[in-house]
Number of protein chains: 2
Amino acid sequence: MPVLADHVFKALSDPTRRAIFEGLARHGEQTVHVLTRRAGISQPAVSKHLVILKRARLVGRRHVGRETHYSARPQALAPLVDWMAVYGVFWRDRFDQLENLLQRMD
Amino acid sequence: MPVLADHVFKALSDPTRRAIFEGLARHGEQTVHVLTRRAGISQPAVSKHLVILKRARLVGRRHVGRETHYSARPQALAPLVDWMAVYGVFWRDRFDQLENLLQRMD
DNA sequence: ACAACCAATAACCAATTGGCTATGGTTTCT
DNA sequence: AGAAACCATAGCCAATTGGTTATTGGTTGT
């Protein structure tokens, strides 16, 4: 039923969009101008990707004068986690590895 | 660099393919014939989806006479887990919920 | 006031995608 | 042997997608 996961899967199916999301997650809030420079495609193309990421709630925005600052919203990945928890029986197998990974992230 | 995640994201971006994978994960191994009946689309369309799922290693197959039995390979979701572990800072927040969910799955 | 900049939208285009029918290669059943 | 069943592939088509340039609405700087 959750049309939520649908939007998230669609949004992440494109490598350019993943790169945008990854950049925002790594380096924090960025303007469309900066995102465009780093993406290597036109500004309208970036804006269109941002619309799709926004529909999936993967990014949020904040208007500051004439510029728009976008930021990553990792909570939006929750539907994917839930989906995988249901259909990915493997989960338990990777549990320890994840725990280690989390500790390394601290 | 992992082109692995690319294939997996692409494969799961289509709801019909997700439904096929979910069916295999829930009900175990199934023939193309059965999958076709449950999918509500033509047999060649199902076969094409299976090719894409297979490229992502999300399904495996086993030939039995004239029929082919497909099965889900949830381990193929690992690249997604890894990707989310890196970019999803939220992870720690949902850790407890996941633990509960896993216990309910037992 | 006006020029320049930022970002979103519109209009268009080529490539990809998801569906179909037709066909062919095996295997099974009479 | 011949018919029927199962599945993969080929070829076709409409819809979607990811990109482009052109334009517009706001905001900032001179």
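Every heavy atom of this structure was used, including side-chain atoms; hydrogens, water molecules and symmetry mates were not. Letters go in sequence order (proteins before strands), and every chain restarts at 1.
At whole-Å resolution of the value, NZ in A:Lys54 and P in C:dA8 are 10 Å apart. B:Gln43 places its CD atom 12 Å from the P atom of C:dT21, with the value rounded to the nearest Å. The interatomic distance linking B:Ile20 (CD1) with C:dG18 (P) rounds to 11 Å, in whole Å. Rounded to whole angstrom, the span from the CZ atom of A:Arg55 across to the C1' atom of D:dT16 amounts to 12 Å. When rounded to the nearest whole Å, the span between CZ of B:Arg61 and P of C:dT26 equals 14 Å. Here C:dT17 presents its P atom at 12 Å from NE2 of B:His49, a figure rounded to the nearest Å. Atom NE2 of B:His69 and atom P of D:dA8 are 12 Å apart (whole Å).
Closest of all the heavy-atom pairs between B:Gly23 and B:Gln30 is O-NE2, 3.9 Å.
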Sugar-phosphate or base contact per nucleotide [nucleotides 24-30 of chain D; S, B, -; heavy atom under 4.0 Å]: ---BS--

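Looking only at side-chain heavy atoms (C-beta outward), B:Asp14 and B:Ile52 stay at 4.5 Å or farther from each other. Between B:Arg38 and B:His27 the shortest side-chain heavy-atom distance falls below 4.5 Å. With contacts defined as side-chain heavy-atom distances shorter than 4.5 Å, the pair B:Phe21/B:Thr16 does not qualify. Looking at B:Lys54 and B:Arg61, their side chains come closer than 4.5 Å, going by heavy atoms from C-beta outward.
DNA chain C is contacted by B:Asp14, B:Thr16, B:Arg17 of residues 11-19 of chain B, taking any non-hydrogen atom closer than 4.0 Å. For the segment residues 27-38 of chain B, the set of residues with a heavy atom within less than 4.0 Å of an atom of DNA chain D comprises B:Thr31, B:Val32, B:His33, in numerical order.
Evaluation of the side chain to side chain donor-acceptor pair (under 3.5 Å) rule for B:Ser47 yields B:Gln43 as partners, not counting sequence neighbours. Remark: B:Arg62 engages B:Glu29 in a salt bridge (Lys or Arg N to Asp or Glu O under 4.0 Å) (not counting sequence neighbours). Looking at residues two or more places apart in sequence or on another chain, you find a side-chain contact (heavy atoms from CB on, under 4.5 Å) between A:Leu50 and A:Ile20, A:Val32, A:Leu35, A:Val46, A:Leu53, A:Tyr70. In terms of the salt bridge (Lys or Arg N to Asp or Glu O under 4.0 Å) criterion, B:Arg57 has no residue partners (sequence neighbours excluded). Not a single side chain to side chain donor-acceptor pair (under 3.5 Å) links B:His33 to another residue, sequence neighbours left out. Partners of A:Val51 under the side-chain contact (heavy atoms from CB on, under 4.5 Å) rule, at least two apart in sequence or in another chain, do not exist in this structure. Checked against salt bridge (Lys or Arg N to Asp or Glu O under 4.0 Å), B:Arg73 has no partners two or more places apart in sequence or in another chain. In this structure B:Thr68 satisfies the side chain to side chain donor-acceptor pair (under 3.5 Å) test together with B:His63, sequence neighbours excluded.
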Atom pairs under 3.5 Å: protein N/O with N/O of nucleotides 10-15 of chain C:
none

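At the heavy-atom level, B:Ala45 lies under 4.0 Å from the strands shown only through sugar-phosphate atoms. Among the atoms of the strands shown, base atoms are found under 4.0 Å from some heavy atom of A:Ser42.
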Working for side chain to side chain contact (heavy atoms under 4.5 Å, CB included), residues A:Trp83 and A:Val8: CA-CA 11 Å; A:Trp83 185 88; A:Val8 180; over 6 Å; no

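The 5' end of DNA chain C is approached more closely, in terms of each residue's nearest nucleotide, by A:Tyr70 than by the other of A:Tyr70 and A:Lys10.
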